[in-house]
Number of protein chains: 2
Amino acid sequence: MMLVVSLESKEPVIDQIVGGIRRAIAGGELRPGDELPPVRQLAADLGVNLNTVARAYRALEGAGLVSTARGRGRGSRVTSDCELVHESDDETRERIEGGFGDVAADAKLAGVSFEVARAAALRQLQRFYGAASGKGGNA
Amino acid sequence: MMLVVSLESKEPVIDQIVGGIRRAIAGGELRPGDELPPVRQLAADLGVNLNTVARAYRALEGAGLVSTARGRGRGSRVTSDCELVHESDDETRERIEGGFGDVAADAKLAGVSFEVARAAALRQLQRFYGAASGKGGNA
DNA sequence: ACACAAAGTATCATACATTGATACAAAAAC
DNA sequence: GTTTTTGTATCAATGTATGATACTTTGTGT
């Protein structure tokens with residue numbers, strides 16, 4: 001769980017934690033069934049309040065990526081059936097394409113060349129699709 | 001200026017306006033020297049407060065993309081020398097690649113296939129790099 | 001000159017979101 | 001059955017986003 005957060009970032013700490021864990025799951029670094037650190041431990045590691053971590057875990061639980069339970073020996077872990085990739089709908093695909101568009105526009109205005117931007121995009125796609133889990137491609 | 005905002009979105013209206021205008025500039029829909037609508041008009045069109053638009057304009061001015069001046073017949077316009085694309089530094093390229101990574105991870109978890117995601121990314125890159133301005137590629 | 005109109009700007013208030021301090025509840029370990 | 005380890009709930013403090021309203025600047029018309 002190599003995860004760092006910046007208190008100065010414009011992005012809320014909660015979202016940074018959620019994003020970091022999502023990326024770890026998507027990239028195969030965290031696999032279904034893996035335990036997440038207890039909220040107090042991760043909060044201490046990151047230097048934030050335990051509630052902030054707890055809220056991130058609950059957001060992930062709401063997304064179906066994490067399961068949590070109270071009590072000693074219980075805790076939070078990556079949901080085991082999160083492999084069951086669902087079909088993506090049109091709305092989702094439009095949202096993803098919009099996300100790529102945002103980054104592409106940003107890259108253009110920041111003076112990043114087409115070649116560099118395309119290489120970065122393909123490298124990241126490879127990183128998340130190439131490595132982990134089954135070859136469960138779907139539309 | 002086909003621009004819409006959603007008051008329900010988690011993204012602040014200011015950022016939606018800034019992003020929309022940035023994309024319009026990056027995509028060539030708005031060109032250097034082009035006038036932006038007066039803050040009151042755009043505010044009325046979008047159904048938001050005029051201050052929200054004014055703040056978006058000032059954020060864009062701070063980024064060097066827009067120039068503003070008070071008084072009848074003046075107003076806001078796309079900065080004329082925003083063509084002068086600057087070299088991108090390492091930090092910028094890392095930020096862009098991180099942005100692509102975020103979207104790629106999201107796509108994977110949302111069940112979008114590699115092929116669909118790659119096509120979307122390349123389509124958007126083409127949209128912003130293929131169309132507008134000079135062929136001023138740089139690193 | 002003078003008044004008016006059209007543009008951005010400043011000030012203040014309010015609602016909401018983010019984060020944290022602290023206390024609570026549940027379940028396993030001993 | 002007590003203790004310990006887990007997540008949860010409640011409340012306060014701070015900051016950010018948005019809006020209402022008034023102000024300033026500059027061109028236009030007479």
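Only a predicted model underlies this, so the values are computations on that prediction, with no experimental measurement involved. Proteins get letters first, then strands, A, B, ... in listed order; numbering begins at 1 in each.
- Residue contacts shown for B/Gly73 are absent, as no nucleic acid heavy atom lies under 4.0 Å away.
- Close to D/dT8, at under 4.0 Å from its OP1 or OP2, lies no side-chain N or O of A/Asn51.
- DNA chain C is contacted by both A/Val13 and A/Gly71; A/Val13 maps to the nucleotide lying nearer its 5′ end (nearest heavy atom per residue).
- Under 4.0 angstrom from either OP1 or OP2 of D/dG7 there lies no side-chain N or O belonging to A/Arg74.
- Nearest to the side-chain atoms of B/Asn49 among the listed nucleotides C/dT9, D/dG19, C/dT22 stands D/dG19.
- Classification of B/Asp106 and A/Arg22 as a salt-bridged pair holds, one side-chain N sitting under 4.0 Å from a carboxylate O.
- Side-chain nitrogen and oxygen atoms of B/Ser76 include at least one within less than 4.0 Å of the OP1 or OP2 phosphate oxygen of C/dG8.
- Residue A/Glu35 contributes atom CD, which lies 9 Å from atom P of D/dT6 at whole-angstrom precision.
- Taking atom CD of residue A/Glu8 and atom P of nucleotide D/dG15, one finds them 14 Å apart after rounding to whole Å.
- A donor-acceptor contact under 3.5 Å links the side chain of B/Arg70 to the base of D/dT24.
- Distance from the side chain of A/Lys10 is smallest for D/dA17 among the nucleotides D/dA17, C/dG8, D/dT21.
- Atom pair B/Tyr57:OH and D/dT18:C1' shows a separation of 17 Å (rounding to whole Å applied).
- Residues A/Arg40 and A/Pro12 both approach DNA chain C. Their nearest nucleotides, taken by heavy-atom distance, put A/Pro12 toward the 5′ side.
- Of the side-chain N and O atoms in A/Thr52, one or more sit less than 4.0 angstrom from OP1 or OP2 of C/dG20.
- Remark: the B/Arg123 side chain and the B/Gln126 side chain contain no N/O donor-acceptor pair separated by less than 3.5 Å.
- By the 4.5 Å heavy-atom criterion applied to side chains, A/Leu36 and A/Leu30 are counted as neighbours.
- Candidate nucleotides C/dA5, C/dA21, C/dA7 were compared by shortest atom distance to the side chain of B/Arg72, and C/dA5 ranks first.
- Between A/Arg23 and B/Asp102, at least one side-chain N (NZ, or NE/NH1/NH2) sits under 4.0 Å from a carboxylate O, which counts as a salt bridge.
- The interatomic distance linking B/Leu50 (CG) with D/dG19 (P) rounds to 10 Å, in whole Å.
- Salt bridge annotation for B/Asp15-A/Lys10: present, with a cationic side-chain nitrogen under 4.0 angstrom from a carboxylate oxygen.
- Rounded to a whole Å, the CD atom of B/Gln41 is 12 Å from the C1' atom of C/dA6.
- The side chain of A/Arg55 places no N or O atom within less than 4.0 Å of a non-bridging phosphate oxygen (OP1 or OP2) of D/dT10.
- Put simply, CG on A/Leu60 is 13 Å from P on D/dG7, counting in whole angstrom units.
- A straight line from CZ of A/Arg77 to C1' of D/dG7 spans 14 Å, rounded to a whole angstrom.
- Whole-Å rounding puts the A/Ile14 CD1 to D/dT8 P distance at 13 Å.
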